[in-house]
Amino acid sequence: MSVRFSSMSAIEVLDSRGRPTLYVHAGLSDGRTIRSGVPSGASTGSREAVELRDHDETRYGGLGVQRAVAHVNGPIAEAVTGRSFASLDQVDDTLRDLDGTADKSRLGANAVVGVSMAAAQGFAVDAGQPLWRWLTPAGVVPRLPVPHFNVVNGGVHAPNALDFQEFMIAPIGAPSLPEAVRAGAEVYRQLRSALTERHLATGLGDEGGFAPEIDRPEDVLALLTDAINAAGYTAGRDGVAIALDPAASEFHRGGRYQVAGESLSSDDLIERYTQMITDFPVWSIEDGLGETDTAGWQKLTAILGDRVQLVGDDNFVTNPALIASAVRAGIGNAALIKVNQIGTVSETLDALGVCRQAGYGAMISHRSGETDDTFIADLAVGSGCGQIKSGAPARGERVAKYNRLLEIAAAAAQLPFGLPSGSH
């Protein structure tokens, strides 16, 4: 089987933050068309694939993506249209060779990833399969993932004083995906009521979570635990647990961590996490330490790795080689997976393969700047990783992913739901 693209083009559109991004349109030889929307991050690792911006201050404050659009419409289109491709690897190899850099900075990872995502959909359409099925590697059991709803935003995602970036609720104990989505929506509604009763702001951050004027992370954890219980659920792994993404690189300065006005060492912050896990139903911590704090990460993993999931993001950046290096170094026990961090779908699948081989968990993730594209929902199912985060159960670009999962659940009722066995 091979796929031939009759056209490949891009246009500049807006993401969920009102910043430019790309829609990529691919035409198949039989006349069908496919569209992919390119996400964009705010909290980014230093070794991510490079998003190409125009830096023309007269347009969108320099954030335009006309150069990336031109690369899709020009050299990329010339390289991929009219050719037959036997595999997605072949398409992605062509894109990487055309770019010629290690970080996709010449053509732009935003241009490359949009074409790669469109190509993957093209192969699925050509095979007559739903995207999630086509993305499932040999020997892997696809499964419906536990949604991790970002219900309180801080850090670079919100204009409040909260240093930790994301507080998520994870209905791990739900019996099915629809019930997990219901739990997320009901706890979110209860949380809004609790904030209103306390005269705290219910404005939303970039990912749809509330952004109240709270600065201590423990206060948010207490608020969430109360909201889970008040909504009629059990706070914990048997019901609705809590996951954190402090995004510690953002408040790691001069070898210290600045949290709610306190200056903490790595040991201090690890001790604080240990207390949080003891006091609250926290099951997962992402980017608990800065991406350059290797010794701290090793200590964090040694102390808490058998109690909770420790997810690398800024330090792993969906890079198979970096994840493999972290495994050897005893850093973390899970990886966050973002397709645009590495820049192609095939490399993303390779990163997931490294996690499976090492016994590491994996969580598929959106970005703070999103479109209505639902690619990551299918990727979460096909990868069998059992976890996805796509923001709050609110805002169209976030809910689109959860609604796609509900569609998959309805169409493929035989799929298992939840974390794979052996998850931390």
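Side chains included, hydrogens not; waters and symmetry mates left out as well; all remaining heavy atoms used. One-based numbering along the sequence shown.
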Go through the steps for T94 and D97 under the test side-chain hydrogen bond (donor to acceptor under 3.5 Å, both in side chains), then give the verdict. CA-CA 5 Å; T94 299; D97 291 346; 6.0 Å; no

Evaluate the side chain to side chain contact (heavy atoms under 4.5 Å, CB included) criterion for residues V125 and I34: first the C-alpha distance (whole Å), next the side-chain angles of each, then the deciding distance (0.1 Å), finally the verdict. CA-CA 9 Å; V125 166; I34 290 152; 4.3 Å; yes

Check whether the side chains of D15 and T371 place a donor and an acceptor atom closer than 3.5 Å, and report yes or no. no

Pairs satisfying ring-ring contact (aromatic ring centres under 6.0 Å, His included), at least one member in residues 387-423, at least two apart: F149-Y402

Chi angles and distances behind the side-chain hydrogen bond (donor to acceptor under 3.5 Å, both in side chains) call for Y257, D163: CA-CA 10 Å; Y257 294 91; D163 296 298; over 6 Å; no

Hey, are E347 and T344 close enough side-chain-wise for a donor-acceptor pair under 3.5 Å? yes

Under the ring-ring contact (aromatic ring centres under 6.0 Å, His included) definition, can you give me all pairs with a residue in residues 170-191, not counting sequence neighbours? Y188-F210

Might you point out which heavy atoms bring C355 and A335 nearest each other, and give the distance in Å? SG-CB, 3.7 Å

For the side chain to side chain contact (heavy atoms under 4.5 Å, CB included) test, which of L95, L22, N340 pairs with V113? N340

Strictly distance-based, threshold 3.5 Å: is any side-chain N or O of R133 a donor or acceptor partner for the main-chain N or O of Q129? no

Set of residues satisfying ring pair (Phe, Tyr, Trp, His ring centres under 6.0 Å) with respect to F280, sequence neighbours excluded: none

Going by atom types alone, do Q387 and Q309 pair a side-chain donor with an acceptor below 3.5 Å? yes

Intermediate values then yes/no, side-chain hydrogen bond (donor to acceptor under 3.5 Å, both in side chains), S36 and D373: CA-CA 6 Å; S36 66; D373 187 280; 5.2 Å; no

If the threshold is 4.0 Å, N to carboxylate O, is there a salt bridge linking E262 and R256? no

Give me the ring orientation class for W134 and F123: parallel if the planes are under 30° apart, tilted from 30 to 60°, perpendicular past 60°. parallel

Assess the side chains of Q165 and N150: does a donor N or O sit below 3.5 Å from an acceptor N or O? no

S105: partners by side chain to side chain donor-acceptor pair (under 3.5 Å), with sequence neighbours left out: D103

Heavy-atom pair of closest approach, residues H148 and A243: CD2-CB, 3.7 Å

Looking at R367 and E48, is any side-chain nitrogen of the basic one under 4.0 Å from a carboxylate oxygen of the acidic one? yes

Partner residues of D99 under the side chain to side chain donor-acceptor pair (under 3.5 Å) criterion, sequence neighbours left out: T101

Please check if the number of heavy atoms outside E271 that lie under 6.0 Å from its CD is greater than 12. no

Closest heavy-atom contact between V381 and P145? CG2-CD, 4.0 Å

Quick one, K401 with I376, criterion side chain to side chain contact (heavy atoms under 4.5 Å, CB included). Give me CA distance, side-chain angles, the key distance, then yes/no. CA-CA 7 Å; K401 282 70 163 171; I376 62 168; 3.7 Å; yes

Hey, are K389 and D245 close enough for a salt bridge, meaning a charged N less than 4.0 Å from a carboxylate O? yes

Parallel, tilted or perpendicular for H25 and Y23, by the 30°/60° rule? perpendicular

Kindly list each side-chain donor-acceptor pair under 3.5 angstrom involving residues 296-304, sequence neighbours excluded, with atom names and distances?
from	atom 1	to	atom 2	distance (Å)
W297	NE1	L289	O	3.2
W297	NE1	G290	O	3.3
Q298	NE2	A329	O	2.9
K299	NZ	D267	OD1	3.1
K299	NZ	D267	OD2	3.2
T301	OG1	W297	O	2.8
T301	OG1	G332	N	2.8

Is R17 salt-bridged to E370, going by a charged N under 4.0 Å from an acidic O? no

Keeping the roles fixed (side chain from D287, backbone from D314), state whether a donor-acceptor pair exists under 3.5 Å. yes

Determine whether the side chains of S40 and E51 contain a donor N or O and an acceptor N or O closer than 3.5 Å. yes

For residues 225-235, please give each side-chain donor-acceptor pair under 3.5 Å, one per line with the distance, not counting sequence neighbours.
from	atom 1	to	atom 2	distance (Å)
T225	OG1	L221	O	2.8
N229	ND2	T225	O	3.2
Y233	OH	E186	OE1	2.6

Please collect all side-chain hydrogen bond (donor to acceptor under 3.5 Å, both in side chains) contacts where either partner lies in residues 350-366, sequence neighbours excluded, each pair once. E207-H366, H366-R398

Are S116 and D92 close enough that a side-chain donor and a side-chain acceptor fall under 3.5 Å? yes

Where is the tightest heavy-atom contact between L98 and P75, given as atom of each residue plus distance? CD2-O, 3.6 Å

Taking atom types as modelled and ignoring hydrogens, do the side chains of D54 and Y60 form a donor-acceptor contact shorter than 3.5 angstrom? no

Under the rule for side-chain contact (heavy atoms from CB on, under 4.5 Å), what residues qualify as partners of R253, not counting sequence neighbours? F251, Q258

If a pair satisfies salt bridge (Lys or Arg N to Asp or Glu O under 4.0 Å) and one of its residues is in residues 407-420, list it, with sequence neighbours excluded. R404-E407

Mind checking what makes side chain to side chain donor-acceptor pair (under 3.5 Å) contact with D238, not counting sequence neighbours? none

Ignoring hydrogens and angles, tell me if any N or O in the side chain of K104 forms a donor-acceptor pair with the backbone of I342 under 3.5 Å. yes

Show me the pairs that pass ring-ring contact (aromatic ring centres under 6.0 Å, His included) and involve residues 326-347, at least two apart or across chains. none

